Amino acid sequence: MADLVGPRVYSCCHCRNHVCLHDDIISKAFQGRNGRAFLFSHAMNIAVGPKEDRHLMTGLHTVADIYCRDCREVLGWKYERAYEESQRYKEGKFIFEKAKIVKENW
């Protein structure tokens with residue numbers, strides 16, 4: 001008998017709303033406000049806040065905080081624009097702080 005295994009999902013640490021898939025991780029080598037963070041190509045069940053320019057470790061970026069759609073917990077941010085050519089690969093991608101998400105279906 002075969003076991004059926006669903007996708008490995010990350011959920012909001014506060015309400016367990018599914019917010020991203022493990023398969024969408026681009027990099028685990030990022031720094032968030034409160035420690036390690038992951039760069040994802042896609043996100044789900046989130047709300048995006050207003051855009052603002054921030055000076056991050058890799059230079060000036062236009063970003064928008066991302067929130068859990070259910071409980072409004074801030075989970076990270078979305079890169080809207082990178083001003084340095086070498087950072088443009090981040091545009092349209094999502095940072096989730098490791099401390100704000102938990103593993104589901106693992």
Side-chain angles (χ1 to χ4, degrees):
M1 190 162 124
D3 287 350
L4 296 178
V5 178
R8 293 186 293 174
V9 175
Y10 287 98
S11 299
C12 171
C13 67
H14 188 258
C15 72
R16 300 297 181 127
N17 182 27
H18 294 177
V19 293
C20 48
L21 299 175
H22 181 266
D23 289 346
D24 291 336
I25 291 178
I26 296 170
S27 175
K28 294 183 177 181
F30 278 75
Q31 188 68 28
R33 292 182 191 105
N34 304 303
R36 283 186 58 201
F38 303 153
L39 182 68
F40 284 82
S41 59
H42 299 91
M44 58 187 158
N45 300 319
I46 60 156
V48 180
K51 297 176 188 178
E52 62 181 65
D53 285 343
R54 285 190 201 153
H55 288 279
L56 303 175
M57 291 175 61
T58 55
L60 181 64
H61 296 78
T62 301
V63 299
D65 285 338
I66 57 174
Y67 304 85
C68 173
R69 191 180 290 154
D70 285 351
C71 72
R72 305 297 293 171
E73 179 80 17
V74 177
L75 302 174
W77 63 86
K78 180 180 181 184
Y79 285 103
E80 297 288 351
R81 181 173 181 214
Y83 290 91
E84 293 182 29
E85 187 66 36
S86 66
Q87 301 300 309
R88 294 256 163 93
Y89 74 96
K90 297 175 185 175
E91 291 180 343
K93 310 291 189 302
F94 301 87
I95 287 289
F96 282 91
E97 297 200 42
K98 185 179 179 194
K100 299 288 188 151
I101 54 177
V102 294
K103 296 175 181 178
E104 299 276 350
N105 295 333
W106 293 59

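Values in this document were obtained by computation on a predicted structure and should not be read as measured data.
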Hey, could you give me the [atom1]/[atom2] distance between [X] and [Y], rounded to the nearest 0.5 Å?
X: Arg16; Y: Glu104; atom1: CZ; atom2: CD; result: 5.0 Å
X: Lys28; Y: Ile26; atom1: NZ; atom2: CD1; result: 13.5 Å
X: Lys78; Y: Lys51; atom1: NZ; atom2: NZ; result: 8.0 Å
X: Asp70; Y: His18; atom1: CG; atom2: NE2; result: 10.5 Å
X: Lys93; Y: Tyr79; atom1: NZ; atom2: OH; result: 11.5 Å
X: Lys98; Y: Phe30; atom1: NZ; atom2: CZ; result: 15.5 Å

Could you tell me if the ring centre of Phe40 sits under 6.0 Å from that of Phe96?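 Yes.
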Are any non-hydrogen side-chain atoms of [X] and [Y] less than 4.5 angstrom apart?
X: Asp53; Y: Leu60; result: yes
X: Arg33; Y: Val74; result: yes
X: Cys71; Y: Asn17; result: no
X: Leu56; Y: Val63; result: yes
X: Lys103; Y: Tyr10; result: yes

Give a yes or no on whether [X] and [Y] share a hydrophobic cluster (residues Ile, Leu, Val, Met, Phe, Trp, Tyr; joining criterion: side-chain heavy atoms under 4.5 Å apart).
X: Val102; Y: Val19; value: no
X: Val9; Y: Phe38; value: no
X: Ile25; Y: Ile46; value: yes
X: Val48; Y: Ile101; value: yes

Does the side-chain contact (heavy atoms from CB on, under 4.5 Å) test come out yes or no for Glu97 and Trp77, once each step is laid out? CA-CA 9 Å; Glu97 297 200 42; Trp77 63 86; 4.3 Å; yes
Testing the basics here: between Phe94 and His42, what is the closest heavy-atom pair and its distance to 0.1 Å?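 Taking every non-hydrogen atom into account, CD1-C, 3.8 Å.
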Show the nearest heavy-atom pair for residues Cys68 and Cys15, with the distance to one decimal.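 Smallest heavy-atom distance, with atoms named: SG-SG, 3.5 Å.
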Looking only at atom types and distance, does a side-chain atom of Arg88 sit under 3.5 Å from a main-chain N or O of Ala82, one as donor and one as acceptor?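 Pair found, side chain donor or acceptor close to backbone of Ala82.
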Just to verify, which of Glu85, Glu84, Lys90 counts as forming a side-chain hydrogen bond (donor to acceptor under 3.5 Å, both in side chains) with Gln87?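 Only one of Glu85, Glu84, Lys90 forms a side-chain hydrogen bond (donor to acceptor under 3.5 Å, both in side chains) with Gln87, namely Lys90.
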